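Comments concern the structure below.
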Amino acid sequence: MRARHLAPAVLLLPFTLLLAACGGSSRAEGGGGTGSGTDGKGSLTLNVGDQKGGSEALLRAAGELDDLPYKIKWSTFTSGPPLLEAVNAGAVDVGAVGNTPPVFAAAAKSKIKVIAGSHSRSDGETILVKKDSPLKRPAQLKGKSIAVAQGSSAHYQLIASLQKAGLTTKDVTLNYLQPADALAAFTRGKVDAWAVWDPYTSQALDQADARVLTTGQGLVNGLSFQVAAPAALDDKKKSAALKDYTDRLRRAQNWVFKHPDVWAKAWAKETGLPDKVALDAVKRTRGTAVAVAVDKAAVASEQQIVDSFAALKLIPRSFDFGEFVDPRFNGDLPPSVTAPRTYGKAH
């Protein structure tokens, strides 16, 4: 059944349940973490910030939480910014976020260090329009209204897409809306387009009469990060646990690529996504991730985001992103520009 036949409230439920790592959602969505249990054993406890359907669900499905020689205390956050606030405050030792929240946190001089990265396809980073929209290419967005979550990966993707089309944000009307509110506006025709990320992309394509106007492929870096507290890195035992934790995440990512159906079912159960939507998102973006080094190329790519947001005065200052990176766990990981995996034709 298509979105136009459904009451908006029915569509909103899965979106309010979902909290995607790629998003840099604003504090309006909610704040601090809520405890969601402890795994492992031993005297050392690693405090890990997570988002629903994120690292904990991934590691559990892949069997990587078995035989932990230390404890992991999980705290669940609504989005990247409050998670990074907790890292800054020392309440969380490490957490996963997309490519844009660290830019905003670092601009605010937060105490954070990027310690690990992964590179995914960017087909899920999209600008969506309705199927019956007259818009056929990004240049036609001039004078149109676009919903986007401020400070999210989609925000940067939108800026980059407009620039490629010879436009700026001054040529369009931006409606800063979180996904649930953006979906309602999109469904009701209150906006002409919606810049968003997976799994919201997959759900809108399946349930909201949406089609893709353009994607972030070739425009955005497709990176996501593990961000740690400097104090945890300075602690010898916690640093060793962080190394082990990032290794487990790497193995779990490898498992997901080989078992997309199994992970999609587990992810759907965790988040409330329909099975089909979860599998679409896994094959479009989520399963394509490959662990990569946080190297000079990654820093340079993130610096472009810093410079873009600083030029638009969306962050209070420009800065050297490299100052917020700790490469000690790079080891023999492949370069950050290593191509993501693929399941073939984009879904």
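Computed from a prediction, not measured in an experiment: that's the story for all the values here. Counting from 1, the numbers follow the sequence of the chain as shown.
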Query raised in the report: Heavy atoms, side chains only, cut-off 4.5 Å: are Gln203 and Leu273 in contact?
Result: yes
Query raised in the report: Do Ile315 and Val227 sit in the same hydrophobic cluster, where Ile, Leu, Val, Met, Phe, Trp and Tyr count as joined when their side-chain heavy atoms come under 4.5 Å apart?
Result: yes
Report summary line: Only residue of Phe324, Phe104, Phe309 satisfying ring pair (Phe, Tyr, Trp, His ring centres under 6.0 Å) with Phe319 is Phe324
**Report entry** Over 12 foreign heavy atoms within 6.0 Å of CG, Asp234
**Finding:** yes
Query raised in the report: What distance separates Gln253 CD from Lys258 NZ, expressed to the nearest 0.5 Å?
Result: 13.0 Å
Report task. Consider only side-chain N and O atoms of Thr168 and Gln163, and report whether a donor and an acceptor are under 3.5 Å apart. Result -> no
Query - side-chain contact (heavy atoms from CB on, under 4.5 Å) involving Ala210 - partner list, sequence neighbours excluded - result: Leu128, Phe186, Ala204, Leu205
Report task. Indicate the atoms forming the closest heavy-atom contact of Ala264 with Ala278, along with that distance. Result -> O-CB, 3.5 Å
Query raised in the report: Any side-chain heavy-atom pair from Thr45 and Ile72 closer than 4.5 angstrom?
Result: no
Query raised in the report: Is any side-chain N of the basic residue among Lys237 and Asp235 closer than 4.0 Å to the acidic one's carboxylate O?
Result: no
Query raised in the report: Within a strict 4.5 Å, meaning less than it, do heavy atoms of the Leu219 and Lys164 side chains meet?
Result: yes
Query - Nearest atoms (heavy-atom pairs only) where Ala107 meets Pro316 - result: O-CG, 3.8 Å
Query - N/O donor-acceptor pair under 3.5 Å between Gln157 side chain and Thr126 backbone - result: yes
Query raised in the report: Under 3.5 Å, side chain of Ser224 to main-chain N/O of Gly98, donor-acceptor pair present?
Result: no
Query - Under 3.5 Å donor-acceptor, Ser110 side chain and Ala105 backbone - result: yes
Requested in this report: Given salt bridge (charged side-chain N to carboxylate O under 4.0 Å, His left out), test Asp247 with Lys243 step by step and report yes or no.
Outcome: CA-CA 6 Å; Asp247 285 344; Lys243 172 64 166 63; 2.8 Å; yes
Query raised in the report: What are the two closest heavy atoms between Leu242 and Ala228, and how far apart are they?
Result: CD1-CB, 4.3 Å
Query - Minimum side-chain heavy-atom gap Leu68-Lys41 below 4.5 Å - result: no
Query raised in the report: Pro335 versus Thr338: any side-chain heavy-atom pair under 4.5 Å?
Result: yes
**Report entry** Partner residues of Thr285 under the side chain to side chain donor-acceptor pair (under 3.5 Å) criterion, sequence neighbours left out
**Finding:** Asp198
Query raised in the report: Got a donor-acceptor contact below 3.5 angstrom from the Gln140 side chain to the Lys136 backbone?
Result: yes
**Report entry** Electrostatic pair Asp39:Lys73 at N-O distance under 4.0 angstrom
**Finding:** no
Report task. Go through Leu141 and Ile146 one step at a time and tell me if the side-chain contact (heavy atoms from CB on, under 4.5 Å) criterion holds. Result -> CA-CA 8 Å; Leu141 288 168; Ile146 307 170; 4.2 Å; yes
Query raised in the report: Are any of the side-chain heavy atoms of Pro102 and Val97 separated by less than 4.5 Å?
Result: yes
**Report entry** Cluster link Val256 to Leu333, ILVMFWY, side chain under 4.5 Å
**Finding:** no
Query raised in the report: If only atom types and distance count, is the side chain of Ser152 paired as donor or acceptor with the main-chain N or O of His155 below 3.5 Å?
Result: yes
Requested in this report: Check whether any side-chain N or O of Ser133 sits under 3.5 Å from a backbone N or O of Leu135 as a donor-acceptor pair, and report yes or no.
Outcome: yes
Query - From Leu158 atom CG to Leu174 atom CG, the distance as rounded to the nearest 0.5 Å - result: 6.0 Å
Query - Pair His259 + Trp255: ring centers closer than 6.0 Å - result: yes
Query raised in the report: Hey, is the main chain of Leu279 close enough, under 3.5 Å, to the side chain of Arg284 for a donor-acceptor pair?
Result: no
Query raised in the report: Side chains of Ser153 and Asn99: is there a donor and an acceptor less than 3.5 Å apart?
Result: no
**Report entry** Stepwise salt bridge (charged side-chain N to carboxylate O under 4.0 Å, His left out) check, Arg121 with Asp123
**Finding:** CA-CA 6 Å; Arg121 288 189 60 83; Asp123 300 288; 2.5 Å; yes
**Report entry** Cationic N near anionic O, under 4.0 Å, Asp261 to Lys265
**Finding:** no
Query - Partners meeting side-chain contact (heavy atoms from CB on, under 4.5 Å) with Ser145 (sequence neighbours left out) - result: Thr173, Asn175, Val191, Asp192
Query raised in the report: Between Asp93 and Tyr245, do the side chains contain an N or O donor and an N or O acceptor separated by less than 3.5 Å?
Result: no
Requested in this report: Decide yes or no for Val306 and Ser318: does some side-chain heavy atom of the first lie under 4.5 Å from some side-chain heavy atom of the second?
Outcome: yes
**Report entry** Distance-only donor-acceptor check, side chains Asp280 and Ser202, under 3.5 Å
**Finding:** no
Requested in this report: Show the numbers, then the answer: is there a side-chain contact (heavy atoms from CB on, under 4.5 Å) between Ser55 and Gln226?
Outcome: CA-CA 10 Å; Ser55 299; Gln226 293 294 323; 4.1 Å; yes
Query raised in the report: Just by distance, do the side chain of Thr76 and the backbone of Asp50 share a donor-acceptor pair under 3.5 Å?
Result: no
Query raised in the report: Lys113 versus Val87: any side-chain heavy-atom pair under 4.5 Å?
Result: no
Query raised in the report: If every non-hydrogen atom of Trp263 is compared with every non-hydrogen atom of Gly54, which pair is closest and at what distance?
Result: CH2-O, 4.4 Å
Query raised in the report: Should Leu233 and Lys238 be marked as a side-chain contact (heavy atoms from CB on, under 4.5 Å) after you check the CA-CA gap, both sets of side-chain angles, and the distance that decides it?
Result: CA-CA 7 Å; Leu233 290 165; Lys238 281 200 172 182; over 6 Å; no
**Report entry** Pairwise distance CG(Asp275) to CH2(Trp267) - rounded to 0.5 angstrom
**Finding:** 12.0 Å
Query raised in the report: Can any side-chain N or O of His119 pair as donor or acceptor with the backbone N or O of Asn221 at less than 3.5 Å?
Result: yes
Query raised in the report: How far apart are the closest heavy atoms of Ala139 and Leu167, and which atoms are they?
Result: O-CD1, 3.7 Å
Query - Spacing of CG belonging to Asn254 relative to CD belonging to Glu64, to within rounding of 0.5 Å - result: 9.5 Å
Query raised in the report: Hey, are Asp244 and Arg248 close enough for a salt bridge, meaning a charged N less than 4.0 Å from a carboxylate O?
Result: yes
Query raised in the report: Taking NZ, NE, NH1 and NH2 as the nitrogens, is one of them in Asp326 or Arg328 under 4.0 Å from a carboxylate oxygen of the other?
Result: yes
Query raised in the report: When rounded to the nearest 0.5 angstrom, what is the spacing between CD in Glu85 and CG in Asn88?
Result: 8.0 Å
Report summary line: When rounded to the nearest 0.5 Å, the distance separating OG of Ser118 from CZ of Arg286 is 10.0 Å
**Report entry** Worked check of side-chain contact (heavy atoms from CB on, under 4.5 Å) between Asn330 and Val294
**Finding:** CA-CA 6 Å; Asn330 279 350; Val294 186; 3.9 Å; yes
Query raised in the report: Are Val337 and Val290 connected in the hydrophobic side-chain network, where two residues link if heavy atoms are under 4.5 Å apart?
Result: no
Query raised in the report: Hey, is the main chain of Leu183 close enough, under 3.5 Å, to the side chain of Thr187 for a donor-acceptor pair?
Result: yes
Query raised in the report: Val92 and Ala229: which non-hydrogen atoms are nearest, and at how many Å?
Result: O-CB, 3.8 Å
